Amino acid sequence: MSGQKIKPMGPIPPGFTAENGMLLIGGCGAAALADEAGTPLFVYDAGLVRTRIAALRAVLPDGVGLHYAIKANPFPPLLALMADMVDGFDIASKGELAVAQQAGMVPEHISFAGPGKRDDELDAALRAGVTINLESEGEAARALALAERLAVRPRLAVRVNPDFELKGSGMRMGGGAKPFGVDADRAGALARQVIAAGAEWCGWHIFAGSQALDADAIIAAQAQTVALAARLSDEVGAAPPLVNLGGGFGVPYFAGDEPLDVGTIGAALVETLAARPAILAPSTFALELGRYLVAPAGVYLTRVIDVKTSQGERYAVVDGGLHHQLAASGNFGTVVRRNYPLAIANRFGAPVADEPVTVVGCLCTPLDRLGEAVALPPVAPGDLIAVFLAGAYGASASPSAFLGHGPAPELLVDEG
Ligand SMILES: *Cc1c(COP(=O)(O)O)cnc(C)c1O
């Protein structure tokens, strides 16, 4: 007995079941999926994404658009599915512009944010006719000059660095000095300038933060966002066609995290919008969400290569690691390493062993831990470990070139 203390894991997202002890993803057994594509691999369940979007739509006010921030997961088959289910894609590079268009999203419903857009990216966006969310006065000047050279009327929105923050969010993107957007006290002047230059002014983009699990904090930020949009529009003297209210809806990754109560948020947004200032009467509104829509639908499957003991502590060494699932290793924007939900896919729901096990990846660095001192059923070489919440910021947000193992295959499983 090592006496090693068990460290808790986050909750396994709802919707996963097993058949004869084998985890099912989109109705397919994990072992069959692993045999088909090889391990490690990412599997995304289309049905879970559909259900999630439908449930969210059911609580949002009518007419509030749902945009998908594709940086969360730009896997082309998933994007093609999303293109039919959401009202717009938010992109942040020329590469994302290309995959967004290939997925079938029309340019009128694509908006391009992100600091440091190069001239060739602005040029591609202008030619395609997508909305550019301006991040600075300098970017506005470059976009206007390029548009004139191309003889196109640019579609420009102003991204505002809000003068408030989304409280409790994992990544704050507003409140204080930020590289994103134009400070609220200069945003009105910039909008007036782009209108005067003859551009099609598309409205405001106000994104206050990410990964919030506190409904009250999101409700407060949405109310402040609507108030700020109204104040700025009054300064401009024009109604914004679109107010992008940002997003920030989080998912429960860790022990003690509770799912976000989107019903409360939707009900509050109905009231906020019903009571909006007159200048926003003709405006439309949108939310832009990334991880909330896709994270719970993804599973990273990795096979146990070796089981070993060091000074009384047990290790399961798997064929995957942080080069595919950086976030689960605790090295993507988290301060303290905590355990994502894990399971043994081929012993799903079996009783846990007496001793905890630490699941480490195959990379030669102590950073490569997928689960620390977790309570799992007895584990043996050949077992498949499932790392949940792998549908966002997994494959595309991990250093897959690190140590030469290469990227993991991705599968979208769609039962229809
Ligand atoms: C990253 C990002 C998102 C998506 O964030 P999630 O936390 O995945 O919802 C949305 N909008 C902007 C501007 C972003 O930078």
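Each ligand, and each atom within it, is numbered from 1 in the order the structure gives. Everything quoted here is computed from the prediction, not taken from an experiment. All values below were derived from every heavy atom in this structure, side-chain atoms included, with hydrogens, water molecules and symmetry-related copies excluded. When a residue number appears, it is its place in the shown sequence, counting from 1.
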How does A113 reach ligand 1, if at all, at less than 4.0 Å between non-hydrogen atoms: by side chain, backbone, both, or neither?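 No part of A113 comes within reach of ligand 1.
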
Examine ligand 1 and decide if any of its atoms is less than 4.0 Å from a heavy atom belonging to Y292.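 The answer is no, since Y292 has no heavy atom less than 4.0 Å from ligand 1.
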
Whether Y393 lies under 4.0 Å from ligand 1, heavy atom: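 In this structure, Y393 qualifies as a contact of ligand 1 - some heavy atom is under 4.0 Å.
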
Do [X] and [Y] have side chains that approach each other closer than 4.5 Å (heavy atoms only, starting at C-beta)?
{"X": "R314", "Y": "V379", "value": "yes"}
{"X": "L293", "Y": "L56", "value": "yes"}
{"X": "Y68", "Y": "D90", "value": "no"}

Regarding R303 and D383, does a basic nitrogen lie under 4.0 Å from an acidic carboxylate oxygen?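 D383 and R303: not salt-bridged.
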
Could you check whether D414 pairs with R50 (Lys NZ or Arg NE/NH1/NH2 to Asp/Glu carboxylate O, under 4.0 Å)?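 Between R50 and D414 there is a salt bridge, with a charged N closer than 4.0 Å to a carboxylate O.
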
Distance-only N or O hit between ligand 1 and G290, under 3.5 Å: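 Yes.
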
Before signing off on this row, confirm whether H205 and ligand 1 have an N or O atom pair separated by under 3.5 Å.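 Looking only at distances, the answer is no, because the N/O contact criterion of under 3.5 Å is not met.
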
Return the set of residues passing salt bridge (charged side-chain N to carboxylate O under 4.0 Å, His left out) with D87 (not counting sequence neighbours), or none when no residue passes.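 So D87 forms a salt bridge (charged side-chain N to carboxylate O under 4.0 Å, His left out) with R57.
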
Output the list of atoms in ligand 1 that are nearer than 4.0 Å to some heavy atom of A69, sorted by atom number.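 Taking each heavy atom of A69 in turn, ligand 1 has 3 (C), 4 (C), 10 (C) under 4.0 Å.
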
Going by the order shown, which atoms of ligand 1 are within less than 4.0 Å of some heavy atom of S210?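 In order of number, 5 (O), 6 (P), 7 (O).
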
Nearest candidate to atom 3 (C) of ligand 1, where distance is taken over non-hydrogen atoms, out of E288, Q211, K71, R291: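 Of the listed residues, K71 has the closest heavy atom.
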
